[in-house]
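When reading the values below, keep in mind they use all heavy atoms of this one structure, side chains included, and skip hydrogens, waters and symmetry mates.
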Amino acid sequence: MKIDHGNLRALAAVVREGSFERAASALNVTPSAVSQRVKALEARMGRLLVQRTVPAVPTPDGQVLVQLAEQTALLEHDALDRLGLEGDAVPHASIAVAVNHDSLETWFMEAARLFAARSRATLDLQSEDQDHTAALLRNGSVMGAVTALADPVQGCRIHPLGSMRYVATCTPEFHARHFAQGVNARSLASAPVLVFNRKDALQARFARKVMGDVPWQPPVWWLPSSRAFVQATLDGLGWTMNPLPLINEALESGRLVPLRARATEDVPLYWQHWRVNSQAMEALTQSVLAAAGNLVRRR
């Protein structure tokens with residue numbers, strides 16, 4: 001069975017962009033043309049390939065074809081690039097990658113810099129919680145991901161990166177006000193806490209170590225920005241688990257203090273990417289591994 005590559009590209013664009021309208025803009029065609037191409041591919045396959053939801057998401061069968069489309073585009077870019085062709089002769093390739101928020105704010109942009117020196121492809125970076133980036137690999141939205149998932153996603157290679165160290169911190173003034181009698185179930189229940197978003201479970205895990213099975217319902221500041229998160233801690237809004245690379249200086253200067261001894265948690269990170277024999281993907285993997293060198297290593 002032959003598959004029309006134009007129809008494949010349309011399907012991949014719908015999944016990547018999240019809608020038929022945005023896919024049409026990315027492909028420089030009309031939404032009607034994108035719809036016709038996807039319907040033609042579905043008719044050819046004899047099954048539904050994309051759910052017309054907001055955002056549009058692939059069916060399990062659609063995921064297989066999205067991966068085929070993205071891999072084909074990347075391999076085409078690699079082949080023409082290795083032939084020494086330049087300019088419009090080499091189709092642009094952009095590798096979709098999911099990166100957890102704190103890695104994006106600390107070490108991953110060094111990986112992007114290294115990759116830019118090794119490849120003519122670009123990156124389409126998507127920011128997501130480290131416990132959820134693997135889901136984007138599974139549904140075909142991205143080709144690579146920095147994830148906390150230690151088990152390989154089907155069809156992917158996995159590389160251990162080390163761990164991101166988090167420290168439960170607050171200002172000395174906040175500590176004196178809320179934890180003068182110690183960090184315990186009572187003080188944690190009343191002290192305001194900063195939480196990145198509803199997927200962020202780091203603070204709850206730390207509290208569970210102290211409180212056990214006692215319900216924890218503290219006052220919460222919801223703040224979905226890594227750097228604003230640190231600033232809010234420095235401003236005394238609450239305590240939280242901050243990534244060590246962003247607060248090293250504040251800890252050394254005493255502007256922030258740990259809530260207690262052993263107030264750290266190391267979150268292991270992994271680089272997972274589709275199994276594709278691509279020069280660009282290999283360059284990206286080597287760049288990610290090199291940039292992750294400052295993460296905490298197992299002893």
**Student:** Say whether, by atom type as modelled, one donor and one acceptor occur between the side chain of R227 and the main chain of E105 under 3.5 angstrom.
**Tutor:**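 Here the side-chain-to-backbone pair exists.
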
**Student:** Any sub-3.5 Å donor-acceptor pair from H175's side-chain atoms to L259's backbone N or O?
**Tutor:**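 Flag set: sc H175 to bb L259 pair under 3.5 Å.
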
**Student:** For V296, run the side chain to side chain contact (heavy atoms under 4.5 Å, CB included) check against D266, T264, L269 and tell me which one passes.
**Tutor:**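 Going through the options one by one, the only one that passes is D266.
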
**Student:** Taking side-chain contact (heavy atoms from CB on, under 4.5 Å) as the definition, give me every residue that meets it alongside A204, ordered by chain and number, with sequence neighbours left out.
**Tutor:**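 A204 satisfies side-chain contact (heavy atoms from CB on, under 4.5 Å) with R208, W216 only.
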
**Student:** With a 4.0 Å cut-off, would you call E265 and R165 a salt bridge?
**Tutor:**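 Answer for the salt bridge query: no.
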
**Student:** Are D124 and S94 close enough, and set up right, to give a side chain to side chain donor-acceptor pair (under 3.5 Å), and what steps lead you there?
**Tutor:** CA-CA 6 Å; D124 177 359; S94 185; 5.1 Å; no

**Student:** When you compare the side chains of R118 and S287, does any donor N or O come within less than 3.5 Å of an acceptor on the partner?
**Tutor:**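 A pair is found: one side chain offers a donor N or O, the other an acceptor, under 3.5 Å apart.
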
**Student:** Do V195 and L223 come close enough that some side-chain heavy atom pair is under 4.5 Å?
**Tutor:**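 V195 does not reach L223 side chain to side chain.
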
**Student:** Residues in salt bridge (charged side-chain N to carboxylate O under 4.0 Å, His left out) with K39, at least two apart?
**Tutor:**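 Salt bridge (charged side-chain N to carboxylate O under 4.0 Å, His left out) list for K39, sorted by chain: empty.
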
**Student:** Does F229 form a ring pair (Phe, Tyr, Trp, His ring centres under 6.0 Å) with W221? I'd like the steps, not just the answer.
**Tutor:** CA-CA 10 Å; F229 215 60; W221 290 87; over 10 Å; no

**Student:** So with a 6.0 Å cut-off around CG of N184, is the heavy-atom count from everything else above 12?
**Tutor:**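 Yes, because the 6.0 Å sphere around CG of N184 holds more than 12 heavy atoms from other groups.
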
**Student:** Charged N to carboxylate O under 4.0 angstrom, R52 versus E21?
**Tutor:**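 Not counted as a salt bridge, because no side-chain N and carboxylate O are separated by less than 4.0 Å.
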
**Student:** Using the side-chain hydrogen bond (donor to acceptor under 3.5 Å, both in side chains) rule, pick out the option among N248, T169, D102 that qualifies with N242.
**Tutor:**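 Only match with N242 under side-chain hydrogen bond (donor to acceptor under 3.5 Å, both in side chains): T169.
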
**Student:** Going by heavy atoms in the side chains, are H273 and V288 under 4.5 Å from each other?
**Tutor:**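 No, too far: nothing below the 4.5 Å cut-off.
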
**Student:** For R186, look at atom CZ and say whether over 12 heavy atoms of other residues, nucleotides or ligands are found less than 6.0 Å away.
**Tutor:**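 12 or below, so no.
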
**Student:** May I ask you to decide if Q279's main-chain N or O and D78's side chain share a donor-acceptor pair within less than 3.5 Å?
**Tutor:**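 Indeed, once roles are kept as given, a pair shorter than 3.5 Å links the two residues.
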
**Student:** Between L65 and M45, is there a side-chain heavy-atom distance shorter than 4.5 Å?
**Tutor:**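 Counting from C-beta outward, M45 and L65 do come under 4.5 Å.
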
**Student:** Got H101 and L104 here, is their nearest side-chain heavy-atom distance under 4.5 Å?
**Tutor:**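 They are not in side-chain contact.
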
**Student:** Is it the case that atom NE2 in H5 sees more than 12 heavy atoms from other parts of the structure closer than 6.0 Å?
**Tutor:**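 No, NE2 of H5 has 12 or fewer neighbouring heavy atoms, counting only those of other groups under 6.0 Å.
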
**Student:** May I have the step-by-step check of side chain to side chain donor-acceptor pair (under 3.5 Å) for E76 and T72, ending in yes or no?
**Tutor:** CA-CA 6 Å; E76 181 183 12; T72 299; over 6 Å; no

**Student:** What's the spacing between S103 OG and E110 CD if we round to 0.5 Å?
**Tutor:**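 Result: 13.5 Å between the selected atoms.
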
**Student:** Checking side-chain polar atoms at under 3.5 Å, does Q203 have a donor or acceptor matched by the opposite partner on T240?
**Tutor:**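 Short answer, yes.
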
**Student:** For the side chain to side chain contact (heavy atoms under 4.5 Å, CB included) test, which of V34, I3, L49 pairs with L11?
**Tutor:**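 Result: among V34, I3, L49, L49 is the only option passing the side chain to side chain contact (heavy atoms under 4.5 Å, CB included) with L11.
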
**Student:** Between Q67 and Q63, does a side chain to side chain donor-acceptor pair (under 3.5 Å) hold up when you go through it step by step?
**Tutor:** CA-CA 6 Å; Q67 291 186 4; Q63 292 174 13; 5.8 Å; no

**Student:** Under 6.0 Å from the six-membered ring centre of W271 and within 45° of its axis: does the NZ or CZ of R157 meet both?
**Tutor:**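 No, R157 does not sit over the ring of W271.
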
**Student:** Do the side chains of V220 and L237 join up, straight or via other hydrophobic residues, at under 4.5 Å, putting them in one cluster?
**Tutor:**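 Result: no, two separate clusters.
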
**Student:** Using a 3.5 Å distance criterion without hydrogens, assess whether the side chain of R16 forms a donor-acceptor pair with backbone atoms of V66.
**Tutor:**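 Not a single qualifying donor-acceptor pair exists.
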
**Student:** Hey, does W239 have a side-chain heavy atom less than 4.5 Å from the side chain of T233?
**Tutor:**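 The answer is no; the side chains never approach within 4.5 Å.
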
